[in-house]
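These notes concern the structure reproduced below.
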Amino acid sequence: MRKSIWIIPLIFIMLWGFSYQCMAKKINENAGTKSGQILKMGVGANAVGMGESNVASADDVYATYWNPAGLSKVDKIQIGLMHNEWFEDIRYEYIGYVQPALGIGTIAGSVSYISMGELDKTDDAGTDQGKFRPYDLLVTLSYGGKLNKSLSFGFNAKLLQEKIDEQKAQAFAIDIGGIYSANDKFLIGVNLQHLGSKMKFINESYGLPLNVNAGVAYKLLDNALTLAVDGNVPSDNNANVGFGADYRIMGIFDLRFGYRYTLGGNDLGTASGLRAGVGFGIGNYKLDYAYVPYGELGQSHRISLIASF
C-alpha cells in the first residue's frame with residue numbers, strides 16, 4: 001500500500017489541471033454576484049489550520065460543513081463550539097451537536113451566526129439615519145451513514161436567513177457528500193455544496209454559491225501524520241486548491257500547516273493563502289486554534305472546542 005502515497009500528488013495535478021480549465025472558461029465572471037457568503041466560511045479550527053483541506057478526512061462534528069459523510073465515523077455524542085474573530089468587527093459563531101442514531105447512522109444539527117458589527121445608515125442624499133446591524137443565520141440538519149465498510153455518504157438540509165437593515169431574505173439548500181476509504185490510511189472525498197433556492201431582497205434575487213469539492217487524504221506514521229489535498233470549483237470565483245498537514249505528538253498535541261491557492265493568484269496577496277494551527281486534546285475534550293491572514297484587511301483567529309460523551 002506504500003505506493004498509494006503517490007496517488008496524492010497525482011490527484012493534486014489532476015485537480016490543478018481541472019481547475020485551470022474552469023478558470024479558462026471565465027468561471028470567475030460571477031464573482032460577487034452570489035448571496036449566502038456564510039456558506040463559504042469553514043468551521044472547526046482543526047480543518048482550517050490544514051489549509052481547509054478536509055473533504056476526505058472529515059470525522060467529527062465539524063463534518064457538517066466539510067463533508068456530511070464524515071459524520072458516519074462519529075461513534076459518540078459530540079458538541080462543537082467555534083468562535084471566529086474576523087476582520088472589521090465581523091464575528092462568526094458556531095454550535096453543533098452530533099448523535100449516533102441506534103445503528104442506522106449519525107444525525108447532527110448546527111447553528112451558525114455572523115454578526116457584521118454596527119454600520120452607518122444614510123438616505124439617498126447621504127443624510128445620517130442612524131445605525132443598523134446586518135447578520136447571517138444558518139441552521140443545518142445533517143445525516144451520515146455507511147453503505148458498506150469502505151463507502152460512506154451523507155447530506156445536509158440548510159435554512160439560511162440574511163438581514164440587511166429592515167429587509168430579510170431566506171433560502172433553502174442541500175449538500176451531498178461521500179467518502180471512500182481504501183483502507184485506514186487512504187481516503188477519497190467529494191462534496192456538492194449549497195445546491196438550493198435563490199435569496200430575494202425586495203425585487204432582486206441572488207443565487208447561492210454552488211461549490212464542488214473533491215480531495216484525498218493519506219495517513220502515515222501509525223496515523224500520527226495526515227496529509228490532505230482538496231480542489232474546489234465554486235460558481236462565483238476562480239477554482240482553488242488547498243493542501244495541508246496535521247502531525248499529532250504523543251496523541252495529545254497537534255501541529256498544523258496548510259496553504260490555499262486561487263488560480264490566477266490570491267486576491268489579497270500570496271501570504272493570504274497561509275494557514276496554521278495548533279491543537280490540544282485530553283480525554284473527551286479537544287481545543288484547537290487556527291490563524292488565517294487576509295493581507296491588508298487583517299487577520300482571522302478561529303478557536304474551536306469538541307466535547308465527546
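What you see is a predicted model, and the numbers here were worked out from it, not measured in a lab. Throughout, numbering of the chain's residues begins at 1 and tracks the sequence.
Between the side chains of N232 and N211, at least one donor N or O lies within less than 3.5 Å of an accepting N or O. Looking only at atom types and distance, the side chain of T140 has no donor-acceptor partner in the side chain of N156 under 3.5 Å away. No side-chain donor-acceptor contact under 3.5 Å links K40 and H194. Of the N and O atoms on the side chains of Q193 and Y65, not one donor lies less than 3.5 Å from an acceptor on the other residue.
Ring centroids of Y92 and Y113 are separated by 6.0 Å or more, keeping the two rings apart.
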Residue pair D288, R256: steps toward the salt bridge (Lys or Arg N to Asp or Glu O under 4.0 Å) verdict = CA-CA 10 Å; D288 296 293; R256 305 184 182 98; 2.9 Å; yes
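Note that CG of D246 is 8.5 Å distant from OG of S57, once rounded to the nearest 0.5 Å. The structure places OG of S112 at 6.0 Å from OH of Y94, a figure rounded to the nearest 0.5 Å. Atom CG of N148 is separated from atom OG of S181 by 9.5 Å, given to the nearest 0.5 angstrom. Y218 OH to K185 NZ: the interatomic distance, rounded to the nearest 0.5 Å, is 6.5 Å.
Put simply, the side chain of N240 never gets that close to the backbone of T262: no donor and acceptor are under 3.5 Å apart.
With respect to K219 and D184, no salt bridge is recorded, no charged nitrogen being found less than 4.0 Å from a carboxylate O.
For the pairing with N213, the side chain to side chain contact (heavy atoms under 4.5 Å, CB included) check across N67, N54, D230 returns one residue only, D230.
The aromatic rings of H301 and Y289 sit parallel to each other, their planes meeting at less than 30°, with 60° as the upper class boundary.
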